[in-house]
Amino acid sequence: METTKKKRKNPFKYIIGGEILTEDFVIQQSKLIILIVILFIVFISNGYSCQKKLTQIEDLKAELNDIKYQNLVISTQLTSSSRQSQIEELLAIKGIDLAGPKTPAYEIKK
């Protein structure tokens with residue numbers, strides 16, 4: 001009768017030594033324990049994955065802002081270099097004899 005109820009002297013040794021794994025409750029619930037451990041592993045890996053994706057999103061946002069700034073600079077340079085006065089000055093420097101029209105453009109109506 002006393003053999004079913006063992007007297008535990010050291011609970012730390014009982015848990016760390018693995019004697020707890022021989023208990024009937026642990027043996028009966030082993031599938032549930034394994035499922036819970038697997039779910040914990042999936043939950044933790046999902047958290048790391050989400051954190052990694054958030055840092056990638058922040059990096060891409062910073063890169064997008066840099067590219068938008070570069071686009072703005074290039075667009076401004078293109079606008080300033082394609083003005084009529086800039087084109088006429090460039091033609092004069094290159095020695096090309098082209099001139100803008102003296103009369104304004106007009107629309108032909110049917």
Side-chain angles (χ1 to χ4, degrees):
M1 310 281 172
E2 287 290 323
T3 58
T4 59
K5 293 186 179 181
K6 297 180 183 176
K7 188 174 182 182
R8 298 181 196 112
K9 295 180 182 178
N10 190 352
F12 182 74
K13 183 179 177 185
Y14 175 74
I15 293 172
I16 298 298
E19 293 176 26
I20 193 169
L21 298 175
T22 61
E23 293 290 327
D24 289 337
F25 175 76
V26 175
I27 292 171
Q28 290 173 354
Q29 301 299 327
S30 64
K31 292 180 183 177
L32 179 63
I33 293 170
I34 291 172
L35 177 66
I36 290 172
V37 169
I38 289 172
L39 288 176
F40 274 134
I41 291 171
V42 168
F43 180 73
I44 290 170
S45 67
N46 186 32
Y48 283 129
S49 174
C50 289
Q51 190 174 19
K52 184 178 178 181
K53 288 182 182 184
L54 286 175
T55 56
Q56 284 178 342
I57 288 171
E58 291 300 320
D59 292 342
L60 290 174
K61 283 182 181 179
E63 186 178 345
L64 178 65
N65 284 337
D66 290 342
I67 290 173
K68 282 183 178 180
Y69 175 73
Q70 289 175 355
N71 183 29
L72 180 63
V73 169
I74 291 170
S75 175
T76 304
Q77 289 173 350
L78 178 64
T79 302
S80 66
S81 66
S82 64
R83 290 189 183 134
Q84 185 175 0
S85 61
Q86 292 289 331
I87 293 173
E88 289 174 354
E89 183 179 321
L90 183 63
L91 289 174
I93 291 173
K94 299 277 183 172
I96 301 174
D97 291 333
L98 288 177
K102 303 296 181 199
T103 59
Y106 56 92
E107 183 177 339
I108 300 174
K109 295 184 180 181
K110 290 184 181 182

Could you state whether Ile96 and Ile87 fall into the same hydrophobic cluster, counting links through intermediate Ile, Leu, Val, Met, Phe, Trp or Tyr residues with side-chain heavy atoms under 4.5 angstrom apart? yes

Keeping Thr79 on the side-chain end and Ser75 on the backbone end, is there a donor-acceptor pair under 3.5 Å? yes

Are Ile34 and Ile27 connected into the same hydrophobic cluster when the rule is that any two of I, L, V, M, F, W, Y join if their side-chain heavy atoms are below 4.5 Å apart? no

Going from OG on Ser49 to CG on Leu54, what distance comes out if it is rounded to the nearest 0.5 angstrom? 9.5 Å

Nearest 0.5 Å, please: how far is CG in Leu60 from OG1 in Thr55? 9.5 Å

Should Lys61 and Ile57 count as side-chain neighbours, where that means a heavy-atom distance under 4.5 Å? yes

Is it the case that one hydrophobic cluster holds both Ile74 and Ile67, taking links as side-chain heavy atoms less than 4.5 Å apart, direct or via other members? no

Rounded to the nearest 0.5 Å, what separates atom CD in Glu23 from atom CD in Gln28? 11.0 Å

Please enumerate all residues that pass side chain to side chain contact (heavy atoms under 4.5 Å, CB included) together with Lys52, with sequence neighbours excluded. Gln56

If you round to the nearest 0.5 Å, how far is OG of Ser30 from CZ of Phe25? 11.0 Å

Exactly one candidate in Leu64, Leu72, Asn71 meets side chain to side chain contact (heavy atoms under 4.5 Å, CB included) with Lys68; the answer is Leu64

Separation between CG (Asn46) and CG (Leu39), nearest 0.5 Å, reads 11.5 Å

